Amino acid sequence: MTTTTANTPQTMLSRIIAAGTHQRVLAFASLVVLLIGFSIASPNFMQTSNMIAILQATSVNGVLAVAVTLVIITGGIDLSVGTMMTFCAVITGVVLTYAGMPLLLGVFAAIATGALCGSMSGTFVAKMKIPPFIATLGMMLILKGLSLVISGTRPIYFNDTPGFSLISRGSIIGDIFPAMPIPNGVLILFIVAGVTAYILNRTVLGRYCFALGSNEESVRLSGVNTDRWKIAIYALAGGIVGIAGLLIASRLNSAQPALGLGYELEAIAAVVIGGTSLSGGRGSILGSLIGALIMAVLTNGLRVLSVAQEWQTVVTGAIIILAVYADMMRRKGAS
Amino acid sequence: MSYLVEMRGIEKRFPGVHALKSVQFNLRPGEVHALMGENGAGKSTLMKIMSGIYARDGGEMFVDGTPVAPDSPRAAQDLGIGIIHQELSLMNDLTAAQNVLIGREPRRSFGRLDEPELNRRAAEIFASLRLAMDPRTKVSTQTIARQQLIEIAKALSYNPRVLIMDEPTAALNDAEIAELFAVIAKLKADGVGIVYISHRMDEIKRIADRVTILRDGAYIDTLDAADTPLSKIIQLMVGREVTQSRATVPDLSQAPVALEVRGLSRGKDVRDVSFSVRKGEILGFAGLMGAGRTEVARIIFGADPRDAGEIRVGGYAVDILTPHAAVQAGIGYLSEDRKHFGLAVDMTVRANIAMANMAQFTSRTGVLDEGAMKRIAVDYISRLGIRTPSDMQAVRLLSGGNQQKVVIAKWLLRDCDVLIFDEPTRGIDVGAKSEIYALLEDLAAQGRAIIVISSELPEVMRLSHRIAVMCEGRLTGILPGGAQTTQEQIMELATRRDSALTVAEDA
């Protein structure tokens, strides 16, 4: 048990890390094993350019996983994050390319759209008592359809807004330290993860995430307006999905309305591999981040070893089952 | 005399049950007012209305003479009414402090939590209760008794003017109860009005100023605790049944042993439990919450693994590792939680009765024989007196007592020799209870071995030919049934803790 009391920045950091260490140790160990394994198998794997490629590949799924983690900790699920991401990208395209608004307004539009969609899912779940699975399944289809309708099923390119592609592909860190050309997309992933982890562990909203997932009825009986908080949590998750929308649109320099389906399952897989309980009440952002990294390392490593793409999917599926089984065994041993 | 809270003509109906019939209740500042009645009398329902969890269907409620209608726990808290629930309602993944101050976390700007302040305030509350508890302790690591104390701390943290305690001592030992009573005395001195619900008669005499008695959802009387003998209170509580509340024990010394259990152990929940039941015998299991009675039943039924122990059915050792094996060996288990484990509530009475015995109704091609199922269902409906318009009625539309009869029918159809009933009358009203009792006695008379686990002492004493008592996973004694065993003897065994043993095993 951690009993540190001081509140200096260093101990706070170590406490945040220590609080859930035992939970994530397994996932982290797997990640290290994978990294070592692949670098022994192929000399090309451990090169800076390949490492950066892995991180870049993690960024979108990582941000989505962070968003879904919030909802899953409340005991819910969000199946709409993939198409919501696309919808946010399309709206940004409308704002920037069709309406010719400035870049900053496009960024705001993506996040606001996500937050609005999230609060709608939250309202369906909290006020109308629709199970999260169904409510977000509905949202998933609605947003997929709306993306196609608004864009006229054609991609929207951002050629008129030259700064847009830099959101993901530029490198502020690389400008300062040329030896470390880490793309902005990766930087944004770590900032989003850090801020969300802070919200989850240090704010009222985060506290209610865990409390709702732990025993919702009890929270309600304690006089907490559970509906309002639930909507707020889904809205926050939506806002983060909006950021993922920016990242993917920036990387492709276009909003691709047909994209999006399938991303939600990848994100949920990352969350699960990271040790967050699907029944709610337990979980961490760091875990989900590690989960997303594991998936990206696997895909990349198998590609470096020239394993066919089809087999990569099979391996990912097996990893999910193994990860959850290992987590259950660990829990059983602990109790 | 001005009342802190006054309730008049309170009405409440649930599907199939008229839970409260024009009930009145009032509370003065600085008094402990005991609310008495058998399970199902409506005590908890009345208090849930007072604390804003249920809405009343009729009647009036006043706080300080002003009419009020709290429609949420929050609204009741704003009126100064707090409640400690009978069932623990803590968030296990959170710490003690986080639980106590849920909904009122000290905040900094932007909704950031002030965790040190949170822990400091919780520590203050624990200190005022003279409770040695680290605010940062995770609730799931604490014993039931200590969780109960966290729950009490939580209720007190609202500084309530009215505090409702629904069986607060059910899981506490004597020392912990003494601690709780000291807290109650302090609250009384501060002018807090306390509503106290408990089944322990001795406690009423120790702390209550007045007693209000409910029976079958109706108001019976309000009396001064000091001037009223306990026997009078009990008589008012149980009404007509008071004389016939003991089992008549048949002579079973010649009957063969149906089930024998030796040295059953599972971690700290079940420690070296041995007993036997003869054919035709009803063996009652008494004990406090968490004593390990349900755990024993689940092990015998193969629902949980065991560390050690032997199970013999009809004289032969059987290796029961799954519920399927238990059913093969002729053991049936009727869970305390009917809705979760006993019934498919959205399906019909007919389908539920046939459920455990589908092979009997399936032809070689796999087609179900609805006609045979109907005959059997109709037969059991009449034999057990299940009140349902037809065998095609959905089970969820039946009352609790009739749902329980459907579960019993299901197991009778399997022709089990040993039937374990876990809280067979939980949530069932008094009329239906006596029907269930008669049914159990009938089953025993037919030569089945019956085990009844019950948290209601009168029920255990009413039914059991012998009474096994458990405390903290150990079987602390087996008492004879019938008139010679008193409630006090059972309670003595139910609280016989073995601290030396605990320490030794933990080390």
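Throughout, a chain's letter reflects where its sequence line sits, starting with A, and its residues are numbered from 1. Values in this document were obtained by computation on a predicted structure and should not be read as measured data.
- For the salt bridge (Lys or Arg N to Asp or Glu O under 4.0 Å) test, residues two or more places apart in sequence or in another chain that qualify with A:Lys230 are A:Glu216.
- Partners of B:Met61 under the side-chain contact (heavy atoms from CB on, under 4.5 Å) rule, at least two apart in sequence or in another chain, are B:Val5, B:Met7, B:Met50, B:Arg56, B:Val63, B:Val68, B:Pro70, B:Ile81.
- Applying the 6.0 Å contact sphere to CG of A:Leu265 captures more than 12 heavy atoms from other residues, nucleotides or ligands.
- Of residues 91-101 of chain B, those residues with a non-hydrogen atom less than 4.5 Å from any non-hydrogen atom of chain A are, in numerical order, B:Met91, B:Asn92, B:Asp93, B:Leu94, B:Gln98.
- In this structure, the portion of B:Arg107 lying under 4.5 Å from any heavy atom of chain A is its side chain and not its backbone.
- The two atoms that bring B:Arg104 and A:Tyr208 nearest to each other are N-OH, 4.2 Å, heavy atoms only.
- Considering CZ of A:Arg207 and CD of B:Glu115, their distance stands at 4.5 Å, rounded to 0.5 Å.
- Summarising the geometry, atom CD belonging to B:Glu105 is positioned 10.0 Å from atom OG1 belonging to A:Thr203; distances are rounded to the nearest 0.5 Å.
- Residue with the most contacts toward chain B among A:Ile199, A:Val219, A:Val204, A:Val224: A:Val204 (heavy-atom pairs, distance under 4.5 Å).
- For chain A, the option among B:Gly52, B:Gly103, B:Ser140 with the highest count of heavy-atom pairs below 4.5 Å is B:Gly103.
- Listed by chain and residue number, nothing satisfies the side-chain hydrogen bond (donor to acceptor under 3.5 Å, both in side chains) test with B:Asp78 (two or more places apart in sequence, or in another chain).
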